[in-house]
Number of protein chains: 2
Amino acid sequence: MSPKTRNVTQREIARIAGVSQTTVSMVLNDRDGSNVRIPAATRERVKQAIEQSTYVADPAARRLAGLDNQIMGVFTYEPALSPESMDFYGPLLNGLERAAEQVGCDLLFFTSSPVENGSRSLFHRKTRLRLADGCILLGQQMDGDDLKRLVDERFPFVAVGRRDETTAKVPYVGIDYVSLTAELIERAVGLGHTDALYVHRNLHSPAARDRMQQIQASTASGGLKFTLVVAEDGDLTGVTRAAEQTGATAVFTEDAFLAEDVALVLGNAGVEVPSAISLTALAEVRGHRVHGRALSGFQTPRLQVAAEALSLLQQLVTTRAEEWDSLDTQRLLQGKVELGETLVERMSAT
Amino acid sequence: MSPKTRNVTQREIARIAGVSQTTVSMVLNDRDGSNVRIPAATRERVKQAIEQSTYVADPAARRLAGLDNQIMGVFTYEPALSPESMDFYGPLLNGLERAAEQVGCDLLFFTSSPVENGSRSLFHRKTRLRLADGCILLGQQMDGDDLKRLVDERFPFVAVGRRDETTAKVPYVGIDYVSLTAELIERAVGLGHTDALYVHRNLHSPAARDRMQQIQASTASGGLKFTLVVAEDGDLTGVTRAAEQTGATAVFTEDAFLAEDVALVLGNAGVEVPSAISLTALAEVRGHRVHGRALSGFQTPRLQVAAEALSLLQQLVTTRAEEWDSLDTQRLLQGKVELGETLVERMSAT
DNA sequence: GACCGATGATAATACCTATTATCAAAAGTT
DNA sequence: AACTTTTGATAATAGGTATTATCATCGGTC
């Protein structure tokens, strides 16, 4: 049990200033109306007493009284602060921290959530979710049930990454992968490519679907013709074979790491990247290089995504739930195509 | 204002199970004694009702009632999640996250603290400090007044990094830089060095003092003779000059970045590292290389430091303040010397 | 001088959980 | 039968803040 050192309370201030606890509360919140009036003199006296003391409002009591606390929860479906996840979470967390400092709110990381069948669960018997005014959800693999329950309970939250649950309108801030993917395919066509591979992880997130959809749309409309290759457990043996069979001159991958792996496999098979086969990731590529060349792909504004998510969350928190519909709660931010050096003109001859 | 969606409370459960709120609380906490007794039948009925519902205890109410909540505060004197600070904070945060997950507690980052004259302030009018059971303090430049006030108020906290305030006994978990520094100097002596430079940032943290003390002890006792060089605002012009004047054959620096900078400056002046001058950092060197060689220095167990800090904090939280004295609240962990490749045998001739 | 509006301040209450004190009924004792 | 003990459960309260309802007083008005 916590030792409980007694702290300065409004009651204490009231005693010193010779007023009631109610008056102290009123002064602190600058309340003044027809029903409650406090003359400047009294007001000043109370403020003095507060100034002299080390009084700070007890957040728990505020919360219990139904007020906001400027505390935002952060829930990640995987550990967020490990070196491995830094590549993905790093910019997001950085953006969150900066935005939080800006608007003056604290961040409560729900690190305690027990891991059940692979991913953390948001709702459990001892969840401290309610201590936060709202919550940011991060992670590749969100749980649809969690999202639905949050919506049902009218708990303010924002998912990072596009969501398309049909059971509930989930607030999110994501990146527009559709137009980015389309644009990169366009570029490849412009560079003379006609056949390509798409190496993916067979994920089911909306962002993954977005990319896949564009891939298939391109194939169907006679743009760039794609052949799909699933990378299972890092097994990329299929890539070389598929490239030979289809005569593909470009490989698109779902993320930058996959691209690096593919480059390795192709290199081992004697296929040079990018002179023989172009390589492009449909994801953030900053800092990724293959054979010393900057990888082609996207630049995604993840810092802004985080900031925007926190901003939206604050809007939700300060808006009555009935009026949430009038807010723009589903936002897509535009990224930029990073040309890089691994998507190049198609070899002239075969 | 927060929308305040009504949640399932003990009262609600009580109504369903046809008992009083008190009984529900008793069942939840497995209370049973001479004063309060609940037969298995009733107990079961209540548990059923809870199981059926989505009840979770309101952490704010728990807190207000003086109970612990398994929430630990994390306070950093500088932004912790930015790419620049990751080198220092990264392993600590990673260790914290892992330990927190282990013991089942959440982490509240006080990102809101306004920046006053350079560093964040822990105590301000709207601090949410009290929401946490205890607090971990991170940062190079801690504020002595903050520490004193925490001790005075009997608020459970642990500083990461050795502290030596005389005004209060500050609980900390740090790394033993004294013996590490001594050992590295010993090595240098063993490799034939007699004169060296110590390039430092003129910091005043206890860890900085520890190193400096060993430097001076060595000089005084006729071991390795050091000349001090202060690196101000990255101005390292003094290093080359000092090396020439003193005939130093080894340079020690306060941290790895400083070592990299020194290597650059020496290189520009035509002095080869390490063949002409050995280079050693009195700090963590993992991942740092100069001229392709692994930098000599320390390996510090920062993951363990974080885990140990959280563990100590939990002990403090669960122990009555009067008995804190009986705990081992000041802990130093041992690091390892990383020989590296930049501290080498002294040139035979001059 | 009786009524009225305005003024300054407070008592009471809600929020939710944990604990302490209290109570009614049943069971056991002499 | 009168008394005590045990059993099962609850009322009351603390904890700190914000809000609503209430109250006492004063100055003015006819």
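Throughout, protein chains are lettered first and strands after them, A, B, ... in sequence-line order, and every chain is numbered starting at 1.
Within the structure, every side-chain polar atom (N or O) of A/S20 is placed at least 4.0 Å from both OP1 and OP2 of C/dA11. Phosphate contact (OP1/OP2 of D/dG16, side-chain N/O of A/R11, threshold under 4.0 Å): absent. OP1 and OP2 of C/dT17 both lie 4.0 Å or more from every side-chain N or O belonging to B/S25. OP1 or OP2 of C/dA9 has at least one side-chain nitrogen or oxygen of A/T42 nearer than 4.0 Å. In this model, the phosphate group of C/dC16 is not approached by any side-chain N or O of B/Y55 to a distance below 4.0 Å at OP1 or OP2.
A side-chain contact (heavy atoms from CB on, under 4.5 Å) with A/I13 is found for one member of A/V19, A/T23, A/V24 and no other, namely A/V24.
A donor-acceptor contact under 3.5 Å is not formed by the side chain of A/Q21 with the base of C/dA9. At a cut-off of 3.5 angstrom, counting only N and O atoms as typed in the model, there is no donor on one side facing an acceptor on the other between the side-chain of B/T22 and the base of C/dA18.
Residue A/N35 is in base contact, counting any heavy-atom pair closer than 4.0 Å across all strands shown. In this structure, B/A57 reaches the sugar-phosphate backbone alone: every heavy-atom distance under 4.0 Å involves primed, P, OP1 or OP2 atoms, never a base. Using a 4.0 Å heavy-atom criterion, one finds that B/V19 contacts the sugar-phosphate atoms exclusively.
Taking atom CG on A/L64 and atom C1' on C/dA18, their separation rounds to 13 Å, with Å as the unit. Atom CD1 of B/I13 and atom P of D/dT10 are 15 Å apart (whole Å). Here D/dG16 presents its P atom at 16 Å from CG of A/N69, a figure rounded to the nearest Å. Atom CG in A/D32 sits about 15 Å away from atom C1' in D/dT19, given to the nearest Å. Taking atom CG of A/D58 as the reference point, atom P of C/dC15 lies 19 Å away to the nearest angstrom. For the pair A/Q10 CD and D/dT19 P, the computed distance is 11 Å after rounding to whole Å. Spacing between atom CZ of A/R62 and atom P of D/dA18 amounts to 5 Å, rounded to whole angstrom units. Summarising the geometry, the separation between CG on A/L67 and C1' on D/dG16 is reported as 11 Å, rounded to the nearest angstrom.
Summary of the strand contacts: B/M26 and B/A60 both lie near DNA chain D, and taking for each the nucleotide with the nearest heavy atom, the more 5' one is attributed to B/M26.
Remark: A/E153 engages A/R149 in a salt bridge, criterion side-chain N to carboxylate O under 4.0 Å. Under 4.0 Å is where a charged nitrogen must lie from a carboxylate oxygen, and between A/R63 and A/D133 at least one such pair does. Taking 4.0 Å as the cut-off between side-chain N and carboxylate O, A/R320 and A/E323 count as a salt-bridged pair.
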Side chain to side chain donor-acceptor pair (under 3.5 Å), that's the test. Do B/Y89 and B/E78 meet it? Break it down for me. CA-CA 10 Å; B/Y89 284 116; B/E78 307 95 26; 2.5 Å; yes
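Closest contact between the side chain of A/R31 and the listed nucleotides D/dA9, D/dT19, C/dC16 involves D/dT19. You'll find that the side chain of B/N29 is closest to C/dA18, out of D/dG8, C/dA18, C/dT17. Nearest to the side-chain atoms of B/R37 among the listed nucleotides D/dG8, D/dG16, C/dC16 stands D/dG8.
Not a single donor-acceptor pair under 3.5 Å links the side chain of A/R31 to the backbone N or O of A/V36.
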